[in-house]
There are 2 protein chains.
Amino acid sequence: MRIVVARCQVDYAGRLTAHLPMATRVLMIKADGSVLVHSDGGSYKPLNWMSPPCLVREGTTDDGRVEWTVTSRATAKGPEDTLRILIEEIHHDSSHELGIDPGLQKDGVEKHLQELLAEHPSHLADGLTLVRREFPTAIGPVDLMCRDAGGLSVAIEIKRRGEIDGVEQLTRYLELLNRDPLLCARGPVRGIFAAQEIKPQARVLATDRGITCALVDYDALRGLDDAESRLF
Amino acid sequence: MRIVVARCQVDYAGRLTAHLPMATRVLMIKADGSVLVHSDGGSYKPLNWMSPPCLVREGTTDDGRVEWTVTSRATAKGPEDTLRILIEEIHHDSSHELGIDPGLQKDGVEKHLQELLAEHPSHLADGLTLVRREFPTAIGPVDLMCRDAGGLSVAIEIKRRGEIDGVEQLTRYLELLNRDPLLCARGPVRGIFAAQEIKPQARVLATDRGITCALVDYDALRGLDDAESRLF
DNA sequence: GAATCTATGTCGAAA
DNA sequence: TTTCGACGTAGATTC
């Protein structure tokens with residue numbers, strides 16, 4: 001990883017054409033040749049960049065200024081892209097050996113919660129058993145479809161953060177499911193809105209619609225899972 | 001802008017929970033307090049980050065290691081997010097005054113091409129006049145609807161890079177438009193596929209479907225526009 | 001401010 | 001390999 005702080009001008013030509021006037025910016029050149037041009041604001045997105053695989057060539061202009069030309073190979077998606085960085089003055093230039101990164105571990109994401117709850121549906125309500133995950137409906141899959149002790153169908157929507165839109169989503173599913181004579185033969189399909197955190201507004205709306213709210217204790221669930229896996 | 005290269009461990013808790021094991025990474029702290037954690041690969045997206053507005057507090061753990069705690073204020077969208085960066089060893093630490101960036105000038109984007117061609121439809125074919133931009137159909141708007149010298153309707157799809165999917169899109173529009181008795185009273189609606197660059201496969205497909213391909217000279221178009229605006 | 005649409009989207013998983 | 005959908009989407013534009 002090479003880090004350069006320099007007064008520079010950047011021109012990009014690819015899917016679009018873009019230009020950055022001369023100003024001081026941070027240039028990151030990663031080990032794979034990819035280049036990022038960052039300013040001192042904005043979000044995590046660079047002002048301009050070149051994604052790997054690409055090649056950086058360092059050259060000199062007629063008037064003796066340093067110019068980097070970054071080119072991506074033409075792919076199936078599109079022809080070659082080019083990023084031209086004209087450097088006027090370098091304030092800082094250093095290289096660092098970082099090694100391969102072990103990578104990001106995402107956790108607590110909805111999918112993982114769903115996996116855990118699919119294995120332990122009784123965590124949400126006693127006697128609940130799983131019918132299937134991603135139960136298909138015309139408007140999309142229900143996270144978990146279960147059956148309660150009395151044999152009634154229960155649709156479960158899982159979110160990390162329970163907000164109004166999640167309740168709306170579950171409501172739409174329930175409306176649809178309750179038109180299925182097979183599912184609601186013994187009685188209407190119930191809904192459980194499960195989340196690690198349920199916002200007051202969402203709770204009010206859910207209650208109003210007859211939907212049960214279930215706060216999920218993620219650590220406890222993971223504990224259950226760990227305990228179980230230790231048995232094998 | 002502060003740039004730190006350090007062996008660090010990162011934990012994020014917000015909409016999701018994420019963890020980065022101890023490894024050497026680049027930390028960027030922008031003037032607005034936003035923080036980016038970059039590894040030596042991947043794309044322009046950091047491994048982890050905190051968007052502004054946020055606050056960085058530098059502290060020390062019980063065992064004397066440096067720890068940064070970055071917190072975003074709770075917003076309407078969600079509660080507080082936190083990014084904890086535990087630093088084991090600092091390889092590099094420097095700060096740089098960048099000033100405000102003049103910002104990116106985007107150009108040649110589809111919308112801009114459409115504007116230019118709407119003003120100069122004859123650039124695509126002699127005698128072409130604009131009927132309207134974003135001509136609505138049941139499956140979406142046609143970029144430009146024109147009439148040729150003979151009064152026949154011409155549907156124009158504009159892309160910066162002409163690829164197969166663009167031809168397919170125009171084909172669907174033409175199919176629909178040719179069912180409209182008003183539009184094709186004097187004869188079938190023709191199609192022009194206009195792009196700065198047309199891939200061979202797209203050209204073959206277009207020709208096969210009786211669609212005319214038009215290579216757009218962006219610089220010439222812009223020149224026309226500039227010349228015109230100089231008249232006023 | 002809320003809703004909608006675009007993006008040099010990026011990214012990962014399934015087919 | 002291509003396609004599809006989610007994203008800590010972000011960002012601009014419109015209502």
Side-chain angles (χ1 to χ4, degrees), chain A residues 10-20 34-37 41-52 54 70-72 74-84 103-112 114-115 134 140-141 143 158-161 163-165 168-169 196-197, chain B residues 10-20 34-39 41-54 70-83 103-114 134 140-141 143 159-161 163-165 168 196-197 201:
Chain A
V10 183
D11 286 277
Y12 168 78
R15 297 203 205 163
L16 58 72
T17 309
H19 171 74
L20 282 169
S34 57
V35 177
L36 284 67
V37 181
S43 64
Y44 65 71
K45 195 178 178 181
L47 290 168
N48 219 324
W49 72 93
M50 185 66 79
S51 306
C54 61
V70 192
T71 50
S72 73
T75 62
K77 274 170 130 185
E80 188 185 76
D81 288 10
T82 58
L83 189 68
R84 254 176 27 100
L104 187 67
Q105 293 164 21
K106 282 186 183 179
D107 206 12
V109 77
E110 184 182 322
K111 187 183 162 193
H112 194 203
Q114 193 194 101
E115 283 167 12
E134 302 287 346
D143 287 339
I158 302 166
K159 294 282 174 210
R160 183 176 140 75
R161 286 185 184 168
E163 297 177 28
I164 283 182
D165 57 348
E168 296 285 16
Q169 194 179 343
Q196 274 188 274
E197 195 181 312
Chain B
V10 184
D11 287 277
Y12 167 78
R15 298 209 202 157
L16 59 71
T17 308
H19 171 73
L20 283 169
S34 59
V35 178
L36 284 67
V37 181
H38 268 283
S39 67
S43 65
Y44 67 70
K45 198 177 176 183
L47 289 168
N48 223 322
W49 72 93
M50 186 65 80
S51 306
C54 62
V70 191
T71 49
S72 74
R73 274 177 261 307
T75 63
K77 273 169 127 185
E80 186 185 76
D81 288 9
T82 57
L83 190 68
L104 186 67
Q105 295 163 20
K106 281 186 185 180
D107 208 9
V109 79
E110 183 183 323
K111 186 183 162 192
H112 193 205
L113 266 184
Q114 193 194 101
E134 303 287 347
D143 287 339
K159 294 281 175 208
R160 185 178 140 74
R161 286 187 183 167
E163 297 177 28
I164 284 182
D165 57 349
E168 298 282 16
Q196 274 188 272
E197 197 181 313
Q201 287 186 323

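Throughout, protein chains are lettered first and strands after them, A, B, ... in sequence-line order, and every chain is numbered starting at 1. Reckoned from all heavy atoms, side chains included, excluding hydrogens, waters and symmetry mates.
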Sticking with atom [atom1], work out how far [N] lies from [M], rounded to a whole angstrom.
N	M	atom1	result
D:dG11	C:dC11	P	16 Å
C:dT8	C:dT4	P	22 Å
C:dA7	D:dA6	C1'	15 Å
C:dT6	D:dC7	C1'	15 Å

Which whole-number value in Å describes the distance from [X] [atom1] to [N] [atom2]?
X	N	atom1	atom2	answer
B:L47	C:dG12	CG	C1'	15 Å
B:H38	C:dT10	NE2	P	13 Å
B:Y12	D:dC7	OH	P	13 Å
A:H19	C:dT8	NE2	P	17 Å
B:W49	C:dC11	CH2	P	10 Å
B:N48	C:dC11	CG	C1'	15 Å
B:D11	D:dG8	CG	P	16 Å
B:L16	D:dA6	CG	P	16 Å

### Message
With a 4.5 Å cut-off on side-chain heavy atoms, are B:L47 and B:V10 touching?
### Response
no

Looking only at heavy atoms, which two atoms of [X] and [Y] are closest? And how far apart?
X	Y	answer
B:C54	B:S34	SG-CA, 3.7 Å
B:P52	A:G42	CG-O, 3.8 Å
B:H19	B:D11	ND1-OD1, 2.7 Å

### Task
Applying side-chain contact (heavy atoms from CB on, under 4.5 Å), name anything that partners B:S43, two or more places apart in sequence or on another chain.
B:K45

### Message
Holding to side-chain contact (heavy atoms from CB on, under 4.5 Å), I want the full list of residues that pass it with B:P53, two or more places apart in sequence or in another chain.
### Response
B:R73

### Message
Under 4.0 Å, heavy atoms only, any strand: does B:S51 hit a base, just the sugar-phosphate, or nothing?
### Response
base

### Task
Remember a base hit wins even if backbone is also touched, and classify A:M50 as base, sugar-phosphate or nothing at under 4.0 Å, heavy atoms.
nothing

Pull out every protein N or O sitting under 3.5 Å from an N or O of nucleotides 11-15 of chain D, one pair per line with the distance.
| from | atom 1 | to | atom 2 | distance (Å) |
| --- | --- | --- | --- | --- |
| D:dG11 | OP1 | A:S43 | OG | 2.5 |

## Note on the structure
Sorted by chain and number, sequence neighbours left out, side chain to side chain donor-acceptor pair (under 3.5 Å) with B:E134 holds for B:Q114

